[in-house]
Amino acid sequence: MTSETTSSGAPTSKARNTDPRFSKLTVGVCPDQWGVWFPDDEKQIPWEKALAEMAEAGFEYMETGPYGYFPTDPKRLQKVMDDNGFTVVAGTGWGILHKAEAWAETEKTFRAIAETHAAVGAEYIVHLPPLFRDDKTWEWTDDRVLTPDAWKLYTENANRLGQILKDEYGLKMVLHPHGDSHIETPEDIARVFDATDPDYVNLCLDTGHIVYGGETRWR
């Protein structure tokens, strides 16, 4: 897992940048970087192979990606991460917030993710907004622009979900701006964070998606 040492001979983590300007940054990994976007898909590599390759590459910190790709039983997840030298810092889930009829399923999904990840010592849960186009066919599946009522429900449910995760599981919810979702453009991002409670809703920065959404300062 390490290939360098400090002046005292102690190993230096590959997850830490040795340049003092960037030493506060910790580099982690997630299944997305190994081409994994779904809990199960025949085109994806097995999680055991992905995890071994991530460890061989020198990563030590894990965001577990789509819930169900890695084991969901906390004891088993902890063991496989320990065996490969990983600390779990976050879990991730998709969930619809702007439709009242979808709330029950979204809450159920995130409670399951929270139970697993709180038990293995994670700090964050990443909320991925659903796309308004199908991620394989690119056909439209939802309105690009939400109505005022739908947007109001979106932010109310973001607060609601963030409060559940923080108050009941001790986890911090972060929203992930995503291409072809309702949190895509700089205006979308500003709007959602202006309307939500920072105690319960924060940002998962993804510069690639933000540039895709039209932000030019990251180019």
Side-chain angles (χ1 to χ4, degrees), residues 15 24-32 37 39 60-78 80-82 86-131 146 149-178 181-184 186-207 209-210 213:
K24 291 183 179 180
L25 298 176
T26 301
V27 180
V29 70
C30 68
D32 189 2
W37 294 281
E60 300 174 25
Y61 297 91
M62 175 70 68
E63 179 258 284
T64 59
Y67 187 65
Y69 180 64
F70 288 127
T72 58
D73 176 75
K75 291 183 179 179
R76 189 178 180 209
L77 180 62
Q78 186 72 69
V80 300
M81 291 297 165
D82 287 347
F86 281 98
T87 297
V88 175
V89 295
T92 300
W94 294 87
I96 298 173
L97 298 176
H98 63 287
K99 297 180 180 180
E101 65 273 18
W103 169 255
E105 185 62 29
T106 295
E107 181 183 5
K108 178 182 177 182
T109 296
F110 277 84
R111 283 188 180 277
I113 297 169
E115 287 174 5
T116 295
H117 288 77
V120 298
E123 186 175 355
Y124 301 97
I125 297 294
V126 181
H127 176 276
L128 292 171
L131 308 185
L146 297 180
D149 286 345
W151 187 261
K152 182 173 182 291
L153 186 61
Y154 196 120
T155 55
E156 289 175 349
N157 279 338
N159 282 329
R160 186 180 181 186
L161 183 59
Q163 184 171 16
I164 289 171
L165 295 175
K166 182 176 182 180
D167 292 354
E168 298 186 33
Y169 300 95
L171 295 162
K172 301 172 185 176
M173 187 179 82
V174 289
L175 292 184
H176 178 297
H178 199 288
S181 81
H182 296 110
I183 308 179
E184 177 184 22
E187 293 76 19
D188 296 332
I189 297 167
R191 185 179 184 187
V192 73
F193 288 109
D194 283 346
T196 51
D197 188 336
D199 283 342
Y200 300 125
V201 182
N202 276 284
L203 172 68
C204 174
L205 178 64
D206 187 313
T207 56
H209 281 283
I210 289 175

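Just so you know, these numbers come straight off a predicted model, no measurement behind them.
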Are W94 and T109 close enough, and set up right, to give a side-chain contact (heavy atoms from CB on, under 4.5 Å), and what steps lead you there?
-> CA-CA 8 Å; W94 294 87; T109 296; over 6 Å; no

Heavy-atom closest pair (T196 atom, A158 atom, distance to 0.1 Å) is CG2-CB, 4.1 Å

F110 side chain reached by I164 side chain, heavy atoms, under 4.5 Å = no

Looking only at non-hydrogen atoms, find the nearest pair between F86 and Y61 and report the distance.
-> CD2-N, 3.8 Å

Does the pair Y69 and T64 meet the rule for a side-chain contact (heavy atoms from CB on, under 4.5 Å), with working shown?
-> CA-CA 8 Å; Y69 180 64; T64 59; over 6 Å; no

If you measure from CG on L153 to NZ on K99, what distance do you get to the nearest 0.5 Å?
-> 11.0 Å

Do the non-hydrogen side-chain atoms of L97 and P129 ever get within less than 4.5 Å of each other?
-> no

Would you indicate whether the side-chain heavy atoms of Y169 and E115 approach each other to under 4.5 Å?
-> yes

Over all atoms of both residues, closest heavy-atom pair of Y67 and A112 | OH-O, 3.2 Å

Rounding to 0.5 Å, atoms OG1 (T87) and CG (D82) come to a distance of 8.0 Å

Between the CG atom in D149 and the NE2 atom in H98, the distance rounded to the nearest 0.5 Å is 12.5 Å

So, does N159 use its side chain to make a donor-acceptor pair with the main chain of D197 at under 3.5 Å?
-> yes

Between CE on residue M81 and CZ on residue R76, distance to nearest 0.5 Å = 11.0 Å

Student check: side-chain heavy atoms of L175 and F193 closer than 4.5 Å = yes

Look at E156 together with R160 and state whether they make a salt bridge at an N to O cut-off of under 4.0 Å.
-> no

Decide side-chain contact (heavy atoms from CB on, under 4.5 Å) for M173 and V201; before the verdict, give the C-alpha distance in whole Å, the side-chain angles of both, and the deciding distance to 0.1 Å.
-> CA-CA 6 Å; M173 187 179 82; V201 182; 3.9 Å; yes

So, the side chain of T106 versus the backbone of I96: is there a donor-acceptor pair under 3.5 Å, distance only?
-> yes

Measuring from L165:CG to Y200:OH, what's the distance to the nearest 0.5 Å?
-> 11.5 Å

Gap separating the CD1 atom of I113 from the NZ atom of K108, nearest 0.5 angstrom = 12.5 Å

Of all heavy-atom pairs linking T116 and T72, the shortest is OG1-O, 2.8 Å

Mind checking whether H127 and Y154 have parallel, tilted or perpendicular rings, split at 30° and 60°?
-> perpendicular

Nearest non-hydrogen partners of E63 and P31, listed with the distance = O-CD, 3.2 Å

For T155 and A195, which heavy atoms make the closest approach, and how far apart are they?
-> CG2-CB, 3.7 Å

Identify which one of I125, L161, D199 satisfies the side chain to side chain contact (heavy atoms under 4.5 Å, CB included) criterion when paired with K166.
-> D199

